[in-house]
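All remarks here apply to the structure that follows.
Protein chains get the first letters and strands the later ones, always in sequence-line order, with residue 1 at the start of each.
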2 protein chains.
Amino acid sequence: MNVTLDELELLHGHICQALGDPKRILILYALHDQPRNVTALAEALGMPQPTVSRHLGLLRQRALVTTTREGASVIYAVSDPRIIHIVDTMREMLRDILSHHQTRLSEPSASQDETED
Amino acid sequence: MNVTLDELELLHGHICQALGDPKRILILYALHDQPRNVTALAEALGMPQPTVSRHLGLLRQRALVTTTREGASVIYAVSDPRIIHIVDTMREMLRDILSHHQTRLSEPSASQDETED
DNA sequence: TCCATCTATTCGGGTATGCGAATACATCTA
DNA sequence: TAGATGTATTCGCATACCCGAATAGATGGA
């Protein structure tokens with residue numbers, strides 16, 4: 001094992017945490033589909049503008065999106081397509097997982113269904 | 001864009017959230033290096049046993065690790081190596097980000113020597 | 001310079017999540 | 001069955017995070 005908690009905490013703070021909200025992932029997909037400014041994004045995704053701006057601020061701070069001024073607007077774009085690839089891989093994994101255990105896993109709740117042990 | 005918030009929320013609940021803690025990633029790496037039981041893992045990583053058990057319970061609930069009884073012990077193992085590949089890709093991204101622009105990760109204020117968030 | 005538009009930040013509150021300690025539960029062996 | 005070892009859960013608390021509304025800050029055109 002050549003990985004330290006230190007590095008993982010850094011990784012967590014920069015990338016994992018950024019993916020820690022479904023709306024941010026949705027924003028990344030939307031920007032990957034087409035770069036946009038905050039207002040257009042907010043309208044397209046049906047979210048309040050401050051919320052989108054806050055998410056974008058976080059993503060930009062972590063260098064996962066880039067910004068370009070265009071008149072009074074700020075155009076956001078995905079900076080590294082690998083982040084999309086990562087999420088795509090996660091989606092494939094999820095699909096496999098769900099197809100294998102079709103019966104549970106649907107609700108990560110603390111209910112104690114009969115354990116399969 | 002063929003991704004819905006619904007799917008991403010499911011994805012978040014199953015996988016992203018599982019990666020949302022550095023210690024869990026460390027646990028995944030450790031298990032990928034070698035499957036182990038709770039106690040051995042706790043000792044190797046220097047964490048309290050209940051903490052490790054709780055993390056493992058979460059990972060198992062999401063099918064990211066598998067369990068095998070071995071006498072009185074329960075051996076945990078990574079169920080899908082793609083999760084490791086994902087984290088490795090994230091680490092590469094992080095390395096690129098950090099090396100690329102040491103000066104651009106910060107914004108408004110004129111602080112450049114810092115790699116803080 | 002004033003105004004319209006776009007973007008970023010603050011505020012208060014609700015929720016989720018992680019933790020350590022203690023404890024309950026399970027399994028194996030003698 | 002009792003004891004030893006390994007595992008899982010509960011409890012109380014602290015922290016981190018997200019959100020909507022309101023507001024402040026920036027930018028470009030008339």
Side-chain angles (χ1 to χ4, degrees), chain A residues 5 8-9 12-27 31 35-62 65-77 107-117, chain B residues 5 8-9 12-28 31 35-62 65-77 106-109 116-117:
Chain A
L5 224 192
L8 292 179
E9 281 171 352
H12 171 257
H14 276 273
I15 299 184
C16 298
Q17 201 172 56
L19 296 183
D21 189 298
K23 292 180 181 173
R24 272 198 292 270
I25 302 181
L26 191 63
I27 287 176
L31 291 181
R36 271 172 272 205
N37 68 0
V38 180
T39 303
L41 209 49
E43 286 183 8
L45 302 181
M47 306 183 203
Q49 177 270 329
T51 295
V52 175
S53 179
R54 226 179 301 115
H55 284 308
L56 286 175
L58 189 147
L59 291 172
R60 184 182 59 175
Q61 198 173 16
R62 286 156 176 72
V65 299
T66 58
T67 56
T68 312
R69 271 224 100 88
E70 203 167 278
S73 299
V74 175
I75 308 297
Y76 285 82
E107 308 262 339
S109 71
S111 71
Q112 35 196 357
D113 44 346
E114 56 279 25
T115 48
E116 72 243 54
D117 306 328
Chain B
L5 225 191
L8 291 179
E9 282 171 350
H12 171 258
H14 278 274
I15 299 183
C16 299
Q17 202 171 57
L19 297 182
D21 189 298
K23 293 181 180 173
R24 272 197 293 271
I25 302 180
L26 191 64
I27 287 175
L28 287 172
L31 290 181
R36 270 171 274 202
N37 67 1
V38 180
T39 302
L41 208 50
E43 286 182 8
L45 302 181
M47 307 184 203
Q49 177 269 330
T51 296
V52 176
S53 179
R54 224 180 302 115
H55 284 307
L56 286 174
L58 189 148
L59 292 172
R60 185 182 58 175
Q61 195 176 17
R62 285 154 177 75
V65 299
T66 58
T67 56
T68 311
R69 271 223 100 87
E70 201 168 281
S73 299
V74 175
I75 308 297
Y76 285 82
S106 312
E107 6 49 63
S109 304
E116 68 162 332
D117 298 358

Starting at atom [atom1] of [X], determine the distance to atom [atom2] of [N], rounded to an integer number of angstrom.
X     : N      : atom1 : atom2 : result
B:I75 : C:dA26 : CD1   : P     : 20 Å
B:L56 : D:dG6  : CG    : C1'   : 13 Å
B:R36 : D:dT7  : CZ    : P     : 13 Å
B:N37 : C:dA26 : CG    : P     : 19 Å
B:E70 : C:dT29 : CD    : C1'   : 17 Å
B:R69 : D:dT5  : CZ    : P     : 17 Å
A:Q49 : C:dT10 : CD    : C1'   : 14 Å

* Sugar-phosphate, base or nothing in reach of A:G71, heavy atoms under 4.0 Å ->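 Sugar-phosphate, backbone atoms only, no base.
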* To do: Assign A:S53 to base, sugar-phosphate, or nothing according to its heavy-atom contacts below 4.0 angstrom with the strands shown.
  => base
Quick one: side chain to side chain contact (heavy atoms under 4.5 Å, CB included) partners of [X], sequence neighbours excluded?
X     : result
A:P50 : A:P48, A:R54
A:L58 : A:A18, A:R24, A:R62
A:P35 : A:I75, A:A77

* Asked: What's the closest nucleotide to the A:V74 side chain, out of D:dA8, D:dG6, C:dT7?
  ->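 The nucleotide sitting nearest to the side chain is C:dT7.
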* Among C:dA8, C:dC28, D:dT7, the nucleotide that comes nearest once only the side chain of B:A72 is considered -> C:dC28
* Before giving the answer on side-chain contact (heavy atoms from CB on, under 4.5 Å), spell out for B:L56 and B:L41 the whole-Å C-alpha distance, their side-chain angles and the decisive distance to 0.1 Å. => CA-CA 10 Å; B:L56 286 174; B:L41 208 50; 3.9 Å; yes
* **Distance (rounded to the nearest 0.5 Å) between A:K23 NZ and B:L8 CG** =>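 One finds 12.0 Å between NZ of A:K23 and CG of B:L8.
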* Asked: Side-chain N or O of A:T39 less than 4.0 angstrom from OP1 or OP2 on C:dT7?
  ->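 Answer is yes, contact under 4.0 Å.
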* Answer yes or no: does a side-chain N or O of A:Y76 lie under 4.0 Å from OP1 or OP2 of C:dC6? => no
* To do: Please name all residues satisfying side chain to side chain donor-acceptor pair (under 3.5 Å) with B:D21, sequence neighbours left out, ordered by chain then number.
  => none
* Structure fact -> The side chain to side chain donor-acceptor pair (under 3.5 Å) partners of A:S53 (sequence neighbours excluded) come to none
* Asked: What does nucleotides 16-21 of chain D look like as a protein-contact string, B for base, S for sugar-phosphate only, - for none, at under 4.0 angstrom between heavy atoms?
  -> -SSBBB
